[in-house]
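Right, one structure below, let's go through it.
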Amino acid sequence: SNITDRAVVAVASGCKQLTSLNLYRCTIIHNITDEAVVAVASECKQLTTLDLCLCYNITDAAVKAVASGCKQLKTLGLRSCNNITDAAVVAVASSCKQLTTLDLGRCGKITDAAVVALASGCKQLSFVDLSHCSNITDAAVVAVVSGCKQLTTLDLDGCRNITDAAVVAVASGCKQL
């Protein structure tokens, strides 16, 4: 498909009751930028699910807009959104208290600080994908395990800085895994 910002902005302005928007794996998704996501965030206040995985042009500005505009968000996919930093994740953590599912896989700029904020702000998280987030350490894992008691899935594949200490924390702190 050839989806651009123009189409997404049209959907946002015409479908204000939208609860789910999936832009994952659109063939030429590189055309989707912050403009489209900001429009969705400002117009679609009922959104509970937003999948922006592989939207390479999305930046912190778009995710911050989603955090402030979509307070009912339960599922957020940001896999491979390589421009996303801790600032965006911290905004999500402070505003999206109902979040249960978060995919940050391959978001290479994410650090422990973002994950610690998530663990304290999004207590309902049950699914967290941090796979291939190379800056994540044991501290992030310990924070998620202690803060997210509903956790049933934690993906740490390719996290090179995770040690036995994190695995032990998961084993002792997440009996529902």
Side-chain angles (χ1 to χ4, degrees), residues 21-25 29 34 37 41 47-177:
L21 181 60
N22 186 344
L23 296 172
Y24 178 77
R25 282 209 174 181
I29 202 65
D34 287 354
V37 178
L47 212 60
T48 58
T49 301
L50 180 60
D51 193 340
L52 299 171
C53 295
L54 301 172
C55 291
Y56 303 114
N57 292 328
I58 301 303
T59 70
D60 286 353
V63 177
K64 287 178 181 180
V66 167
S68 66
C70 304
K71 305 281 189 193
Q72 297 181 47
L73 207 61
K74 293 185 179 201
T75 301
L76 180 59
L78 296 171
R79 171 173 290 280
S80 296
C81 291
N82 300 319
N83 296 316
I84 302 301
T85 71
D86 288 352
V89 178
V90 168
V92 168
S94 65
S95 297
C96 301
K97 301 295 185 186
Q98 297 179 50
L99 203 65
T100 60
T101 301
L102 181 61
D103 186 350
L104 292 172
R106 297 192 182 274
C107 290
K109 295 179 181 175
I110 301 302
T111 71
D112 289 350
V115 180
V116 168
L118 283 170
S120 66
C122 300
K123 301 283 189 188
Q124 302 304 313
L125 279 169
S126 61
F127 176 98
V128 178
D129 187 338
L130 298 171
S131 61
H132 300 282
C133 291
S134 56
N135 296 317
I136 299 301
T137 71
D138 292 350
V141 177
V142 169
V144 168
V145 166
S146 62
C148 303
K149 297 300 183 187
Q150 307 300 317
L151 200 64
T152 57
T153 302
L154 178 61
D155 191 341
L156 299 171
D157 180 41
C159 293
R160 298 183 307 255
N161 295 317
I162 302 299
T163 70
D164 285 355
V167 176
V168 168
V170 170
S172 62
C174 289
K175 301 297 183 190
Q176 64 277 23
L177 287 181

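Quick caveat, the model's predicted, so the values are computed rather than measured. We number each residue from 1, following the sequence as shown.
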With sequence neighbours left out, which residue pairs that include part of [range] fulfil the salt bridge (Lys or Arg N to Asp or Glu O under 4.0 Å) condition?
range            : value
residues 107-122 : none
residues 141-160 : none
residues 123-142 : R79-D129

Task: Side-chain donor or acceptor of S126 paired with backbone N/O of T152 under 3.5 Å - done: no
Task: Derivation of the side chain to side chain contact (heavy atoms under 4.5 Å, CB included) call for L102 and L125 - done: CA-CA 8 Å; L102 181 61; L125 279 169; 4.0 Å; yes
With sequence neighbours excluded, tell me which residues meet side-chain contact (heavy atoms from CB on, under 4.5 Å) with [X].
X    : value
S146 : none
N161 : T137
A41  : A65, V66, C70

What pair of heavy atoms forms the shortest contact from [X] to [Y], and how long is it?
X    : Y    : value
Q150 : Q124 : CB-O, 4.0 Å
G108 : N135 : O-ND2, 2.8 Å
A93  : A117 : CB-O, 3.3 Å
A169 : V142 : CB-CG2, 3.8 Å
A143 : A119 : O-CB, 3.1 Å
C55  : C81  : O-SG, 3.5 Å

- [ ] Kindly indicate, with the supporting measurements, whether the criterion side chain to side chain contact (heavy atoms under 4.5 Å, CB included) is fulfilled by I84 and V89.
- [x] CA-CA 8 Å; I84 302 301; V89 178; 4.2 Å; yes
Distance from [X] atom [atom1] to [Y] atom [atom2], nearest 0.5 Å?
X    : Y    : atom1 : atom2 : value
C148 : F127 : SG    : CZ    : 13.0 Å
T49  : L21  : OG1   : CG    : 10.0 Å
L23  : I58  : CG    : CD1   : 8.5 Å
D103 : S131 : CG    : OG    : 6.5 Å
C53  : L78  : SG    : CG    : 6.5 Å
K64  : S95  : NZ    : OG    : 11.0 Å

TODO: Begin with the C-alpha distance, continue with both residues' side-chain angles, and end with the deciding distance and a verdict on side chain to side chain contact (heavy atoms under 4.5 Å, CB included) for V115 and V144.
DONE: CA-CA 7 Å; V115 180; V144 168; 3.2 Å; yes
Open item on the list: When you compare the side chain of V92 with that of L99, does any pair of heavy atoms fall below 4.5 Å?
Closed with: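 Yes, at least one pair of side-chain atoms sits under 4.5 Å.
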- [ ] Could you please spell out the steps behind the side chain to side chain contact (heavy atoms under 4.5 Å, CB included) verdict for L52 and Y24?
- [x] CA-CA 6 Å; L52 299 171; Y24 178 77; over 6 Å; no
